[in-house]
Amino acid sequence: MRKRKFRLLRVRGLRNRWMLSSMLIILLLVLLGLSAYGVAIGGYYYSGVRTALRSKASSSSAFFSNYVTRTYAEYYQSAYRYTSLFDERDRLDLQFISSSGRIEVSTYGLTAGTQPGTEDIAKALETGEAATFLGRDPSTGERIAAVSSPLVYGDGRIMGVIRYVTSLRLVDRQVLVSILIAVGIGLGLLLIVFLTNLVFIRSIVTPIGEVTAMTRHIADGGYGSQIENRYEDEMGEMVDAINDLSIQISQSEKVKTEFISSVSHELRTPLTAITGWTETLSYDESLDAETRQKGLAIVLEEARRLTNMVEELLVFTRIEDGRFTVNIEKLDIEAELEDTIFTCRELMRQEGISLEYTPPEEEIPVIPGDPERLKQVILNILDNAAKHGGSGKRIVVTLSLQKNYQDSGRDFVCIRVRDFGPGIPPDELGNVKLKFYRGSSKARGSGIGLAVCDEIVRLHNGLLDIDNAADGGCVVSVRLPAGQLIVNS
Ligand code: ADP
């Protein structure tokens, strides 16, 4: 239950993390876009108002400068007429302002005589250039846009300004509406991204949940279980990989169980013989000398077989964990082989198998090799020939020197063991050197013998070849390099 809670928390975490990171970026972008849009739209509207007022003001001031050159009364009259006829009064306030900053004539009569006090007036009076103001009217507090353009005497003196004022209420509203629309679009965008993210994350999180549950089932011992692959993307590849892993674990579990059972069986057979014969020899005093001798020989042989088997297992575990090495010395391989054959011949004869050995015609050189390990290889191959090819009742061993073997420029000493049994089925030939591989042969075995032999021969820089003879039976060749330095690896 606790495990399950932990899993859910993790899944939720993934969803949150994804949402947070992607939404944060989009939110930032939307905010950035909105600010840029706000600045642009504000600039566009306000500068539009300013430009329109400015062009109006400059053309009016050019027109009135003519009157200014005449009498003040004439100017005042014209200004009064001009303002009274001004037809844009509902949108604009037109003002004539004296050099002291006071309104003399205005379309909005109530303001006459007052002093607006905005910076555009002072600036226009001071510089003789048109000036603008955008902000709050000091007297009303309303947001306004104003442009003041100077009225200049013929001699260049400034007599006052002509000023257009408009309320920014409508423009402000326009700007606000535009920004609100943009914010709405931004929020809509965020919502769309949120929803698509939600769908996308669900399409990842749900399969991950399923795959995790199944993987946990496999980890809990459901080896070989398969996850239904409904995905064609990276998730599909992951499911395939987990399915493969599950099958491989199940196969190696099967191999392990078979191995343990075959090894136990292998150990039990000699142990039964040893126990049986020792009991007989200890308690049955009526046994004649010959039977006693035979019993002791069997006990010895079975004990030897057990020793070999344990030795093979030890070597195998050392190979597996990379601790296996060979102790190379100068080795008289011919003497070693003859010795081993001598040991085995009698035992095989008792099983009805004839072990034939013809000494080599050429002189066999001393080779670099590990006597113990190479003896183990020969014994193993002879044991295989006896147990798997025993029905042929004949094993032939030869030793030869192969100079410049296959034009390799190297000389090899070759030990060849041939039996006359059924041989190895062609489709099994490629696998017999694999660890735990036991072919279709019905004979006892753990399936590690040839794997161990192969590793020992490899550490001698030699070659182990297994094949079927043309006229039946199996041929195993061990080729060991003659007279060359071997490096342990
Ligand atoms: P095992 O302990 O089973 O003998 P090995 O690794 O020595 O394991 O051999 C692997 C398999 O190769 C054997 O199970 C058998 O099927 C096949 N094999 C080996 N030697 C012979 C042979 N001389 N004749 C027929 N089959 C053989």
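In listed order, ligands and their atoms are each counted from 1. Quantities reported herein were computed from a predicted structural model and do not represent experimental measurements.
- Taking OH from Y437 and CG from L450, the interatomic distance works out to 11.5 Å, rounded to the nearest 0.5 Å.
- With rounding to the nearest 0.5 angstrom, the OH atom of Y283 is 9.5 Å from the OG1 atom of T278.
- Nearest to atom 1 (P) of ligand 1 by heavy atom, out of P422, G447, G449, G421, is G447.
- The contact set between ligand 1 and G445, taken as ligand atoms under 4.0 Å from a residue heavy atom, comprises 1 (P), 2 (O), 3 (O).
- When the options H388, R418, M309, K435 are ranked by their closest heavy atom to atom 24 (N) of ligand 1, first place goes to H388.
- Listed by atom number, the atoms of ligand 1 under 4.0 Å from G423 heavy atoms are 25 (C).
- Considering backbone and side-chain atoms together, S440 places no N or O closer than 3.5 Å to any N or O of ligand 1.
- Near S441, meaning under 4.0 Å from one of its heavy atoms, ligand 1 places the atoms 15 (C), 16 (O).
- Polar contact check, R438 against ligand 1: no nitrogen or oxygen pair lies under 3.5 Å apart.
- Heavy-atom proximity to C474, at under 4.0 Å, picks out these atoms of ligand 1: 22 (C), 23 (N), 24 (N).
- Within ligand 1, counting atoms from 1 as listed, the ones closer than 4.0 Å to a heavy atom of K387 are 1 (P), 2 (O), 4 (O).
- A salt bridge is defined here as a Lys NZ or Arg NE, NH1 or NH2 lying under 4.0 Å from an Asp or Glu carboxylate O, and E210 with R230 meets this definition.
- A salt bridge links E311 with R373: the distance from a Lys NZ or Arg NE/NH1/NH2 to an Asp or Glu carboxylate oxygen falls below 4.0 Å.
- Side chain of N468 to backbone of G423: no donor-acceptor contact under 3.5 angstrom is found.
- Distance alone, capped at 3.5 Å, places no donor-acceptor pair between the N243 side chain and the Q226 backbone.
- Ligand 1 has an N or O atom lying under 3.5 Å from an N or O atom of L450, backbone or side chain.
- The Y437 neighbourhood of ligand 1 comprises atoms 10 (C), 11 (C), with distances under 4.0 Å to a heavy atom of that residue.
- Against a heavy-atom cut-off of under 4.0 Å, V432 is close to the following atoms of ligand 1: 6 (O), 10 (C), 12 (O), 17 (C).
- Polar contact with ligand 1: absent for E428 (N/O pair, distance under 3.5 Å).
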